[in-house]
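A short worksheet on the structure shown next.
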Amino acid sequence: DALHEEVRERMERLIPVIQKLQDVFTMAGLGNAPVDLPQLIVIGSQSAGKSSVLEKIVGRDFLPRGNTIVTRRPLILQLINTRIHKIGTDSKEWGEFLHKKGERIYNFTKIKDEIVRETERISGSNCGISSDPINLKIYSPTVLDLTLVDLPGITKVPVGDQPKDIETRIRNMAIRYISNKNSIMVAVSPANTDMANSESLKLARDIDPDGHRTLGVLTKIDLMDKGTNAWDMLNGKIIPLRHGYVGMVNRSQQDINNGKTVKQAIQDEGKFFRSHQAYRSIAHKLGTNYLTQRLNTILVEHIKKVLPSMSQKIVQQLQEKESKLRALGAPVPVNDKGGNMLNILLKFSKAFADAIDGKLTNLTQNDLCGGSRISDIFHNVFARSLKKIRPFDDLTDHQIRTAILNATATKPSLFVTEDSFQLLVKRQIARLKTPSMQCAELVYDELRRIAAQCETLTPELRRFPSLKLKVSDCARDLIRRKLEPTKTMIANLINIELSYVKTTHPNFISSSKAMALAKNQASQSEARQKSLLDGLTAGLSTIALANDDKLPPVPPVLRSQDIGNYEKGMSETRIIKTLIQSYFNIVQKIIKDSVPKAVMHFLVHGCRNSIQGELVKTLYQQTMFENLMAEEPHVQKERSELVKIISVLRTAVKVLKFVQDIQTE
């Protein structure tokens, strides 16, 4: 009825939409289309009669013929009904090649010649093949809207310039096309050969084992042996296919030589099926006219089926490509390279400062970074290392007693001398210098790490490798230069403590308290001291005069335990140790507090506050703009390709929007 016809005409307008998408993708020079388009892929062996089938669908002679392989490049054939789409006059028929866009060729012999020329231009003149397709549109009032891809016929033996693996190459080319999930395979097989040996059906079954997207075309039915027919094959009794089979009768070479036209061949084909005893009951489902209608129906229904997912995929790809293009950034104008460089330097400087201050918005959730790592160095690594240094590490009681005696010299003392205390406590304070210097070096390494991270946080630097290298070198040089005054300050902090021992510090233990503590310790170990004293006395009693008027010789090495009052020596040692421990703890706390402050002021804040000025001063020079703001060639190429693909995808979105409007009418 009228409503059904209106819906059908509206749906048939889907095929030109897909044809337009095909043109858009091809003209853009994309090696692979962004999405798999619904297509009819014609496959078959070299002598299966594919060319004859296509010419009968078109209704005109337009394909080259010969004894060897003729179709040597894929031919994307788009058929457009001029009456339905109201193009040109009612009776005119013409062809247009995409590589000669806008040029109408009304002489179909010239179309054939152009196919030969274009094939030889890419594939040579001696049977070579190429996967680069030829796009041809046929406009006619008698055709149905279709898009078919005619692939080179599968051949076994190489000829001419064909490589030895010609069969593998053609098969791989066919597989690339028919692997498209949105394609329908048109498998052309001669009926006068065993179907089990059909190259096209074998290839189709490899990709589509269930036959869900394969239509079989049986040619040369009229050439079958007498007493045989293709009834079982046509009805899917041998190899079933979802879309079934269509029988064809092609022109013989003698018919072509005698000038038999395609239209006459179609008429004779109809008479053959209607008059043949085996086929007359199904003649309405055989021949060229039925094949054309069947292909049109299959393609329209298939387009309707895959259109939603195809639209979704195109929109998704468009969003992805636009995101990549934004990440690459716009090309830098020649007169604005300085401004762009300044923005990049400021962005890097801000990222460096924010990393130290903990203001980065893209902080990782898995580990510490930036300023928090520096804080960890101060409060954990450095503080723990400093705490491990004990007041009496590498300092024995014997060394303390020796220092006391050496400081006393010839003067007998009633109290512990201050000289021995200062000598010993300074020695221990000096041991705080090494971990303090190491603290500065650890923070130096961390600042270098932050600078490297900021290169990642400034994605614009990836576009300009020379600028990235210079920024990295400049930042590292600044950090290295700030390390020296930091170390000098730390050394001064230690030297300050060594230069003046302030025994009046409010937290320093008094001499009376030190003596009281020493006396308390002595009373607790009186028994052990008495035993040691008895042994010492016994040893000293052995030193006797050889006679009443001669002294013994002085030993060449004299140790503290060999002389003096032992009990007094132990008491003095305890007092000195108490004083050393008290004062060392005071200095240890001062260093623990002042070193991080020095590192923060001279190194961390020194770099943080100076990096922007340093980068601008060193790099922002007009003579350096051209070199530093030069992109890598692959970035320019990638941007150019993205711009092209985005333009194609945007056009595709508009085309598909038109399809949606058709379906909602």
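Values below: all heavy atoms of this structure, side chains included; hydrogens, waters and symmetry mates excluded. Everything quoted here is computed from the prediction, not taken from an experiment.
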Give every residue pair that meets the salt bridge (Lys or Arg N to Asp or Glu O under 4.0 Å) criterion with at least one member in residues 180-190, sequence neighbours excluded.
-> none
Under the side-chain contact (heavy atoms from CB on, under 4.5 Å) criterion, do Ile646 and Leu318 qualify, and how do the steps go?
-> CA-CA 6 Å; Ile646 288 171; Leu318 177 59; 3.9 Å; yes
Without swapping roles, check the side chain of Ser309 against the backbone of Val306 for a donor-acceptor pair under 3.5 Å.
-> yes
Donor-acceptor contact below 3.5 Å, side chain Thr119 vs main chain Ile115 | yes
Hey, does Met248 have a side-chain heavy atom less than 4.5 Å from the side chain of Val188?
-> no
Measure from the side-chain N and O atoms of Asp255 to the backbone N and O of Ser252, and report whether any donor-acceptor pair falls under 3.5 Å.
-> yes
Test item: Pro38 and Met310 side chains (from C-beta on) under 4.5 Å apart, heavy atoms | yes
Drop me the distance from Leu40's CG to Leu148's CG, to the nearest 0.5 angstrom.
-> 5.0 Å
So, Asn289 versus Thr292: side-chain donor-acceptor pair below 3.5 Å or not?
-> no
Would you check if His302 and Asn182 make a side-chain contact, meaning some heavy-atom pair closer than 4.5 Å?
-> yes
Distance (rounded to the nearest 0.5 Å) between Thr214 OG1 and Ile43 CD1 = 7.0 Å
Tell me the salt bridge (Lys or Arg N to Asp or Glu O under 4.0 Å) pairs involving residues 215-242, sequence neighbours left out?
-> none
Would you mind reporting whether Leu63 and Val58 have side-chain heavy atoms less than 4.5 Å apart?
-> no
Verdict with reasoning, Lys100 to Glu114, per side-chain contact (heavy atoms from CB on, under 4.5 Å) = CA-CA 10 Å; Lys100 289 189 172 184; Glu114 180 60 29; 3.2 Å; yes
Does some side-chain heavy atom of Ile207 sit less than 4.5 Å from a side-chain heavy atom of Ser179?
-> yes
For Tyr139, all residues meeting ring pair (Phe, Tyr, Trp, His ring centres under 6.0 Å), sequence neighbours excluded | Trp94
Backbone of Arg280 reached by a side-chain donor or acceptor of Arg274 within 3.5 Å = no
Nearest heavy-atom neighbours spanning Leu215 and Val246 | CD1-CG2, 4.4 Å
Pairs where residues 314-323 contributes a residue and the test salt bridge (Lys or Arg N to Asp or Glu O under 4.0 Å) is met, not counting sequence neighbours = Glu322-Arg650
Under 3.5 Å: donor-acceptor pair, side chain of Glu55, backbone of Val262 = no
For the residue pair Gly49 and Thr219, what are the closest heavy atoms and their distance?
-> O-CG2, 4.4 Å
Non-hydrogen side-chain atoms of Leu77 and Ile57 separated by less than 4.5 Å | no
Minimum heavy-atom separation for Pro74 to Met173, with atom names?
-> CG-SD, 3.7 Å
So, does Asn172 use its side chain to make a donor-acceptor pair with the main chain of Thr168 at under 3.5 Å?
-> yes
Which of these, Ile41, Asn180, Asp208, sits in a side chain to side chain contact (heavy atoms under 4.5 Å, CB included) with Arg213?
-> Asp208
Passing candidate, salt bridge (Lys or Arg N to Asp or Glu O under 4.0 Å) with Glu96, options Lys101, Arg104, Lys137, Lys110 | Arg104
Any Lys92 side-chain heavy atom under 4.5 Å of Thr82 side chain = no
Measure the OG-CG distance between Ser640 and Leu325 for me, rounded to the nearest 0.5 Å.
-> 10.5 Å
Check: Arg251 and Gln264 side chains under 4.5 Å, non-hydrogen atoms | no
What pairs meet the ring-ring contact (aromatic ring centres under 6.0 Å, His included) rule with one or both residues in residues 199-250, with sequence neighbours excluded?
-> none
Just how far is it from atom CZ of Arg73 to atom OG of Ser131, taken to the nearest 0.5 Å?
-> 9.0 Å
Where is the tightest heavy-atom contact between Ile138 and Ile111, given as atom of each residue plus distance?
-> CD1-CD1, 4.3 Å
Under 3.5 Å, is there a donor-acceptor pair between the side chain of Ser198 and the main chain of Leu201?
-> yes
Rounded distance [0.5 Å steps], CE in Met195 versus CG in Leu218 | 5.5 Å
Run the salt-bridge test on Lys50 and Asp150 with the 4.0 Å N-O cut-off and return the result as yes or no.
-> yes
Sub-3.5 Å donor-acceptor pair from the side chain of Ser140 to the main-chain atoms of Glu93, do we have one?
-> no
May I ask you to check whether over 12 heavy atoms, not counting those of Arg171, lie within 6.0 Å of atom CZ?
-> yes
Do NZ/NE/NH1/NH2 and the carboxylate oxygens of Arg121 and Glu118 come within less than 4.0 Å?
-> yes
For the student: nearest non-hydrogen atoms of Ile221 and Gly247, plus distance = CD1-CA, 3.5 Å
Measure the spacing between CG of Leu136 and CG of Leu79 and express it to the nearest 0.5 Å.
-> 8.5 Å
Lys/Arg N to Asp/Glu carboxylate O, Glu638 vs Lys324, below 4.0 Å | no
So, does Ser323 use its side chain to make a donor-acceptor pair with the main chain of Gln319 at under 3.5 Å?
-> no
Would you find more than 12 non-hydrogen atoms of other residues, nucleotides or ligands less than 6.0 Å from Gln312 atom CD?
-> no
Crowding at NZ, Lys337 (>12 non-hydrogen neighbours, <6.0 Å) | yes
Specify the closest pair of heavy atoms between Pro64 and Val116, including all atoms of both residues, with the distance to one decimal.
-> CG-CG2, 3.6 Å
Intermediate values then yes/no, side-chain contact (heavy atoms from CB on, under 4.5 Å), Phe97 and Ile134 = CA-CA 8 Å; Phe97 289 95; Ile134 298 174; 3.9 Å; yes
Per-pair distances, 0.1 Å, donor-acceptor, side chain in residues 265-272, under 3.5 Å, sequence neighbours excluded:
{"unit_1": "Asp268", "atom_1": "OD2", "unit_2": "Lys260", "atom_2": "NZ", "d": "2.6"}
{"unit_1": "Glu269", "atom_1": "OE1", "unit_2": "Lys56", "atom_2": "NZ", "d": "3.3"}
{"unit_1": "Glu269", "atom_1": "OE1", "unit_2": "Thr288", "atom_2": "N", "d": "2.8"}
{"unit_1": "Glu269", "atom_1": "OE1", "unit_2": "Thr288", "atom_2": "OG1", "d": "2.8"}
{"unit_1": "Glu269", "atom_1": "OE2", "unit_2": "Lys56", "atom_2": "NZ", "d": "2.6"}
{"unit_1": "Glu269", "atom_1": "OE2", "unit_2": "Val249", "atom_2": "N", "d": "3.0"}

Let me see the working for Ile282 and Phe273 under side-chain contact (heavy atoms from CB on, under 4.5 Å), right down to the final yes or no.
-> CA-CA 8 Å; Ile282 57 172; Phe273 286 125; over 6 Å; no
